Amino acid sequence: MSAIDVPIREAPLISASRLLAERGFFGIVWLDAELQVTGRYGPLVAFVSIGKDVTETILPFAGLEADLLALRSDRHAVLDIPSVTIVTNGERTPRLNLAAVWSEAENCILILASRAVLSVDLEVELNRQIRARLIAEADVVAKSVELQHTNAELERANTDLEQFASVISHDLKAPMRELRFLADDVDAMLAAGDIDRSRTALAAMRQQSGRMSAMLSSLLAYATAAQKVDVLEDIDTAKLVAAVVNSLPRPPKIRVEITGDWPQLNTFGALLDLVLRNVIGNALAHHDRADGHVKVHASELKESLLIEVSDDGPGIDPAHYDAIFLPFRTLGDPAKGEPSGMGLAIVARALSTVGGRITVHSDALKTRGTTFSIWWPKSTVTIQKNCPTPYNVHSFSNDA
Amino acid sequence: MRPSAYKVMLLGQIGVGKSSIAQRLVFDRFDTSYKPTIGVDVYRYEAKTIEAEPVPMIVWDSDGNLGDAMFRHVYLKEASAALIIGDVTRNETIEAMPAIAAAFRERLPGRCVCYLVNKSDLSPPTPLQGELARDDTLLFHTSALTGENVTRAFAETARAIVRRAP
Ligand SMILES: Nc1nc2c(ncn2[C@@H]2O[C@H](COP(=O)(O)OP(=O)(O)OP(=O)(O)O)[C@@H](O)[C@H]2O)c(=O)[nH]1
Ligand SMILES: [Mg+2]
């Protein structure tokens, strides 16, 4: 006699199902027509809150409300979501296969949750080991490369830091010494009653202190680039770029041309100002000829404002692409009053905090000229200070 | 019907930090050990911005091993957005990002996409190369270890979702 011929008796069937559910092989959840949970059975679904919307307590069904409701009209359909783990308040459910079906007998939607079975777990375990090994191997290779890289990098960084420190301290010392001497001079002049010459000396003092504060500001600008993202303003980018260009020191025969579409944006004005100022300033400062042309062009893309700053200067060797964005990797000589090289580091840092980016196109070996392309996101949000806050769904109930 | 919460997928190759980003985002914690995700892990998160109402999200942290099978899977059903993640220390994972974005957009046209270049704590910000550099998609350098830009990337994604599906 084959198994199929055994007459089905309700009572043993129910008690067998009950046993399986109680042992955690599967669990059942009942929903009403509004998709609220009306009941559950079995420890496997102990995490489900009765009385809540199913989408709030069995998270993978969120967004699938329409599909759940459609089960009623297509009675053979199953909405199947295999192998999911729900994580709330730091606790994880076992890995579950979820299936939603319409129950004709009970005239409601049922969700069956079953534990992912053993053979799958074995496969998974095998998979886990293979994957972990793959990554570990790739890691070993990467780590050793990284280590060599880091050592070289560290050496370079140390020298850079020393250089930078010595440049800064040397450069700050010079105006400082000058200030001391000038102060002594003023003393002597005042004692001699020479008011006019002491005025000139005071003006020189002001100039020296201005120099010092400019050096300190560039250092500060780098350190605080990431903090300028707090204030959203309505910015007329056309006015902003014109103001930036006008305020930059520029050799008389270098022409700056602003073209393209410069829209009104609700954005971080101070940060955009900082980015434009440094990239355009960089183009002007690195120009090696008496007359030249710098073009600043904007075009509106779907998500971002693309700003291209092109110059006809000497160009950049592609081998230096990475270096120009690192702090203090100056290609000029700050001791001779050339730019410190901090500018592009500030720009890269600022852009990475707003979701924008910068790329450079130039090949000094082949031709003159450099173009920096900046993608500035058109939409930006301000983050509430106390984020991130975990959303409390509910705690796991220990009943059942 | 406006969904009770928006479904957001975390996609990207194995080991790029999808689960670590989710853990940092939702529980503000980080674990250095690697525990591969099997199937999907599902979290609830509420994106908070000053400008808009909090945006409830269901974050689907996917299995990097699913590869292309992901795009035929029920997991993607009704997703509102995808955050596509790469590991800055493994270039092949970064190069794979545009193709993942293209496959997602093909299955779900018009949904939001955001790139995350993760593990930024291991590498200073450097300019992007290749296809990614020319792509007009929101991009963040993130670190699940330090938390850099993690909340911001989800807030921007929330804003983009709400703008498209008011
Ligand atoms: N330093 C650093 N390590 C990270 C970061 N994010 C993730 N990791 C590490 O990278 C490894 C893999 O991270 P996971 O989050 O598990 O990667 P996944 O993308 O979820 O991988 P799959 O689940 O296999 O697809 C773990 O050892 C993490 O600790 C990061 O921002 N910085
Ligand atoms: Mg994972």
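What you see is a predicted model; the values in this text were computed from it and never measured. Per chain, numbering begins at 1; letters A, B, ... match sequence-line order.
Counting heavy atoms from C-beta on, the side chains of B/His141 and A/Arg357 never come closer than 4.5 Å. Contact annotation: the side chain of B/Arg44 approaches that of A/Leu59 to within less than 4.5 Å [non-hydrogen atoms, C-beta and beyond].
The backbone N or O of A/Val87 lies less than 3.5 Å from no partner atom in the side chain of B/Asp41, so there is not a single donor-acceptor pair. Counting only distance, with no hydrogens or angles, the side chain of B/Tyr75 and the backbone of A/Pro82 share a donor-acceptor pair below 3.5 Å.
Here the OG1-OH distance, from A/Thr88 to B/Tyr43, works out to 10.5 Å after rounding to the nearest 0.5 Å. Note that OG1 of B/Thr137 is 11.0 Å distant from CH2 of A/Trp375, once rounded to the nearest 0.5 Å. Interatomic distance, A/Glu303 CD to B/Cys112 SG, rounded to the nearest 0.5 Å: 8.0 Å.
Heavy atoms closer than 4.5 Å to chain B are found nowhere in A/Asp53, neither backbone nor side chain. Residue contact with chain B, scored on non-hydrogen atoms closer than 4.5 Å, involves the backbone of A/Ile358 exclusively. Of the two parts of B/Val40, the backbone and the side chain both hold a non-hydrogen atom closer than 4.5 Å to a non-hydrogen atom of chain A. Contacts between B/Thr37 and chain A at a heavy-atom distance below 4.5 Å involve the backbone alone (N, CA, C, O).
Contact annotation for residues 95-108 of chain B against chain A (heavy-atom separation below 4.5 Å): no residues qualify. For residues 7-15 of chain B, heavy-atom neighbours of chain A at less than 4.5 Å comprise B/Lys7, B/Ile14, B/Gly15, sorted by residue number.
Here B/Asp136 is the residue among B/Asn149, B/Leu138, B/Asp136 with the most heavy-atom pairs under 4.5 Å with chain A.
Under the rule for a side-chain contact (heavy atoms from CB on, under 4.5 Å), the partners of A/Asp363 that lie at least two apart in sequence or sit in another chain are A/Pro318, A/Leu365, A/Lys366. Evaluation of the side-chain contact (heavy atoms from CB on, under 4.5 Å) rule for B/Thr89 yields B/Asp87, B/Leu122 as partners, not counting sequence neighbours.
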Residues B/Lys77, A/Ile81; criterion side chain to side chain contact (heavy atoms under 4.5 Å, CB included); working and verdict:
CA-CA 10 Å; B/Lys77 208 168 173 21; A/Ile81 311 179; over 6 Å; no
